[in-house]
Amino acid sequence: MERRYDFKSIEPKWQNYWAQHNFFKVLEDPGRPKYYDLEMFPYPSGNLHMGHVRNYAIGDVVARFKSMNGYNVLHPMGWDAFGLPAENAAIKHGAHPARWTYANIENMKSQLKTLGISYDWDRELASCKPDYYKFTQWMFLKLHENGLAYKKSAAVNWCPSCQTVLANEQVVDGACERCETPVNKRQLAQWFFKITDYAQRLLDDLDKLPGWPDKVKIMQRNWIGRSEGGQFDLQIEGSSETMTVFTTRPDTVFGITYMVLAPEHPLVETISQGTPQEEKVKEFVQRMQFLSEAERTSTDAEKEGVFTGACALNPMNGDRIPIWIANYVLVDYGTGAIMAVPAHDQRDFEFARKYGLPVQVVIKSPDSPADGDSMQEAYEEDGVMVNSRDFNGLSVTLGKQQVVAYMEEKGIGEGTINFRLRDWLISRQRYWGCPIPMVYCEECGLIPVAEADLPVLLPEDVEFRPSGESPLNYVESFHKTECPSCGGRARRETDTMDTFVCSSWYFDRFCDPHNDTLPFSKEAVDYWMPVDQYIGGVEHAILHLMYSRFFTKFLYDQDFLSCDEPFTNLLTQGMVLKDGSKMSKSKGNVVSPEEIINTYGADTARLFILFASPPERDLEWSDQGVEGSYRFLNRVWRTVNSCAGDIRDISLPPQFGQLEGEARQLRYKTHATIKKVSDDIELRFNFNTAISAIMELNNMLTAYLDHDEQDLSVLKEAVETMIVLLSPFSPHICEELWQMCGHQDSVSLQSWPRWDAAALVQDEIEIAIQVSGKVRDRIMVPTGLSEDDLQDLALAQPKIQELLAGKQVVKTIVIPGKLVNIVAR
RNA sequence: GCGGAUGUGGUGGAACUGGCAGACACGCUGGAUUUAGGUUCCAGUGGGUAAUUCCGUGGGGGUUCGAGUCCCUUCAUCCGCACCA
């Protein structure tokens with residue numbers, strides 16, 4: 001017998017076997033329940049890292065477990081293949097993004113194959129391939145057709161050094177992710193998706209997702225940021241203009257002592273013109289423009305502003321109110337203008353004190369200050385309305401309703417709901433992305449490309465200049481085109497789409513990946529969607545998951561899908577850490593999966609990563625831990641080796657009779673392990689405890705094999721059960737061991753074992769006896785003893801008698817099967 | 001500042017509904033096998049104590065016959081959002 005099992009030959013052997021026999025290829029099968037198991041598809045950076053291994057190992061346990069439980073399992077893999085790194089590589093090393101990307105995919109795919117994950121590779125897709133992005137463009141056209149894709153001028157993140165716009169997620173702490181230059185804002189015409197139309201549904205339907213972690217739902221709720229309030233207009237004194245404000249506190253409208261516009265608000269220039277303040281206002285607005293996003297919006301930046309020289313009239317009482325501009329009001333939230341009530345809003349309060357503006361109390365509770373001048377801070381709690389004319393005496397809640405009702409009646413304003421969620425900016429001035437299928441015609445304006453003309457191909461023969469500007473701008477054969485409508489001269493849109501667009505529907509495409517007329521057939525998605533289990537990192541809690549939900553709802557509304565939520569259950573896996581921090585090149589603490597697989601094999605790598613920590617939690621990498629997992633697999637190897645010959649020809653009895661002693665205990669353990677492993681995988685995703693249960697079974701088997709007399713049926717059942725239970729975690733070694741036990745078929749094709757309730761019946765159990773809550777003795781008792789008998793037995797123990805001498809028993813608590821607690825004084 | 005999570009042996013972690021804290025591993029100690037190292041196997045391993053036993057789940061308080069688990073309070077670390085009117 002070999003000292004160590006030979007994973008180097010076993011693993012490729014079974015990987016080839018699975019591939020040759022199309023083990024993981026699936027088709028729709030109405031006769032079996034479906035299960036769609038999906039891990040977030042990776043960006044092809046070139047190399048697999050431990051986070052990937054963890055993600056796919058978790059997914060594979062689920063896929064193999066469900067498959068052995070009779071489900072028709074869809075488990076696909078693909079590539080999120082557009083994106084900035086490919087272009088950076090092109091600029092830096094001169095490699096074409098396409099070549100760079102496809103080479104990376106090749107490399108990562110071969111690494112992935114050495115892990116032995118049960119993917120249906122026939123469904124592989126790459127978002128950068130024309131047969132895929134054709135339909136990303138199709139999605140754009142459908143959204144455009146329905147008024148959900150539009151172009152508008154917007155302030156976007158601009159890196160002055162790279163000479164390009166950046167996505168929000170490419171701005172880290174106010175600086176460019178690539179060169180660390182502070183980012184500023186620039187006004188550019190950009191494409192948006194109108195995700196805000198779906199804000200309410202995206203919020204409400206979170207309640208339809210009990211299979212999602214609360215953490216993620218809370219993050220999405222906050223991101224959507226719904227707030228109820230009112231919106232009303234104020235006449236600007238001496239002008240025909242009005243300004244509109246949004247407030248969540250209509251009840252404090254009589255406490256307004258000044259108004260504030262965001263510096264970028266379009267009214268700022270008009271109303272300050274010709275006033276003595278004009279110059280100061282211009283100066284302030286300019287200064288704000290030069291500030292970076294981070295400096296401008298950080299909470300600890302001091303509030304500052306200037307008077308515009310103009311006043312507005314409070315529609316409730318006709319009061320003249322000065323209009324200011326200030327850094328703390330944001331142009332893109334609400335109406336970009338606020339009513340300031342310093343007595344009841346801390347931000348307004350700080351500003352008012354700094355500039356000597358009045359503070360007027362309009363909400364009063366018994367313990368709140370009545371006088372604005374002596375207030376130390378704003379009073380934001382509940383109370384009743386004062387100094388508010390007819391509304392005096394109303395509570396905050398009632399006041400809100402009645403002030404809004406009054407405004408509606410008088411045509412001053414109305415109740416409104418505001419969302420923090422903004423429309424999704426999808427334009428990127430980048431080459432390596434999905435082209436936006438629109439053209440600009442000199443005659444007809446903005447015209448969508450006809451569906452029949454898709455895909456708009458990304459030209460391959462392009463030049464990369466270090467300026468970072470999109471090469472599409474230089475490629476005449478690309479941008480020079482004809483108008484789809486009038487046939488006249490037109491220019492193609494050279495912006496490409498945010499890669500999040502590509503990843504917002506890839507899970508649908510997996511259902512029907514080779515369809516060349518539609519993104520997917522209705523039949524295919526009706527069978528497979530929604531995804532039953534989605535697995536990936538928390539970093540996508542908001543963006544990717546929200547965008548995918550938005551796309552799904554849109555496709556549902558258009559009747560392309562029958563479900564309106566894409567992911568029924570979501571598992572967010574923790575990070576893989578080394579020495580307490582995230583693995584990174586700069587820290588030099590990266591452990592390469594390739595190396596681990598070479599040294600210990602994929603089965604060990606998978607087992608360790610699943611054993612070291614439950615999936616949601618961060619995982620501390622330990623080289624010694626890996627060694628331990630490897631030792632365990634070797635122990636299993638030896639266990640099976642040493643008895644395979646003895647059990648090979650044994651056939652299991654249809655029923656195990658009354659067993660005694662060790663054999664009985666072993667059979668108990670076998671079935672207890674089936675139950676434990678099944679529950680841990682299915683109910684809790686606690687793979688670490690499932691594996692530890694298998695370890696216990698193997699430990700018991702090792703001991704059992706030392707006995708002279710063995711019940712070979714019980715032994716066979718235990719050994720084979722262990723192999724089957726271990727197979728979703730470490731499939732290759734289990735295939736080999738299964739074969740060693742004399743089986744011709746694959747362990748992957750076995751049904752998941754069922755536990756036999758009869759085997760779990762014990763006739764004796766240990767009971768703890770407590771005196772006043774402290775364990776003082778333990779006794780073995782027959783199961784099924786009555787509570788009274790149990791109590792009598794406990795009291796009769798000599799040790800307990802001794803302890804109770806001279807004391808009075810106050811009370812006895814009996815927990816059958818667990819303990820007896822005797823309370824004595 | 002707001003929101004969320006996590007604090008258990010030397011380490012990773014277990015304890016699922018309030019019921020024997022530390023399963024399973026790693027590490028360490030001792031022993032066996034081996035010329036030796038490695039491998040493998042056996043035994044021990046929360047802390048204090050000579051010992052009956054006492055103390056122990058970040059700290060403090062509470063509820064309970066009984067608390068890692070429930071309640072209040074406090075500290076530390078990590079993550080997300082951050083002037084959202």
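Fair warning: this is a prediction, and the values are worked out from it, not measured in the lab. In what follows, chains are A, B, ... by sequence order, proteins preceding strands, each numbered from 1.
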Residue Arg4(A), side-chain heavy atoms: nucleotide from U39(B), A25(B), G27(B) that is nearest: U39(B)
G46(B) pairs with which nucleotide, Watson-Crick or G-U wobble, both distances below 3.5 Å? C55(B)
I'd like a table of donor-acceptor pairs (distance under 3.5 Å, sequence neighbours excluded) in which one partner is a side-chain atom from residues 614-622 of chain A, with atom names and distances.
residue   : atom : partner   : partner atom : Å
Asp618(A) : OD1  : Met575(A) : N            : 2.8
Glu620(A) : OE1  : Gly580(A) : N            : 3.1
Glu620(A) : OE2  : Asp579(A) : N            : 2.8
Trp621(A) : NE1  : Asp623(A) : OD1          : 3.0
Ser622(A) : OG   : Gln624(A) : N            : 3.4
Ser622(A) : OG   : Gly625(A) : N            : 2.7

Using a cut-off of 4.0 Å between protein heavy atoms and nucleotide atoms, how would you tag nucleotides 14-19 of chain B 5' to 3' with B, S and -? SSB--B
Quick one: Ile691(A) CD1 to A23(B) C1', roughly how many Å, whole number? 14 Å
Please confirm whether the shortest side-chain N or O distance from Ser227(A) to OP1 or OP2 of A85(B) is below 4.0 Å. yes
Determine whether the side chains of Thr196(A) and Asp423(A) contain a donor N or O and an acceptor N or O closer than 3.5 Å. yes
Taking 4.0 Å as the cut-off, does a side-chain nitrogen or oxygen of Lys774(A) come that near to OP1 or OP2 on C55(B)? yes
Searching all strands shown, indicate the nucleotide that pairs with C78(B) (Watson-Crick or G-U wobble; both distances under 3.5 Å). G4(B)
Are any non-hydrogen side-chain atoms of Tyr328(A) and Glu304(A) less than 4.5 angstrom apart? no
Val775(A) or Gly225(A), whichever maps to the more 5' nucleotide of RNA chain B: Val775(A)
Enumerate all atom pairs, one protein N or O and one N or O from nucleotides 41-49 of chain B, separated by less than 3.5 Å.
residue : atom : partner   : partner atom : Å
C41(B)  : OP1  : Arg638(A) : NH2          : 3.4

Counting only side-chain N and O atoms of Asn222(A), is one of them less than 4.0 Å from OP1 or OP2 of G4(B)? no
Which of these nucleotides, A85(B), C65(B), C55(B), is closest to any side-chain atom of Tyr333(A)? A85(B)
Would you kindly give the CD-to-P distance between Glu696(A) and A25(B), to the nearest whole Å? 7 Å
Can you check G59(B) for me, syn or anti if syn means within 90° of 0? anti
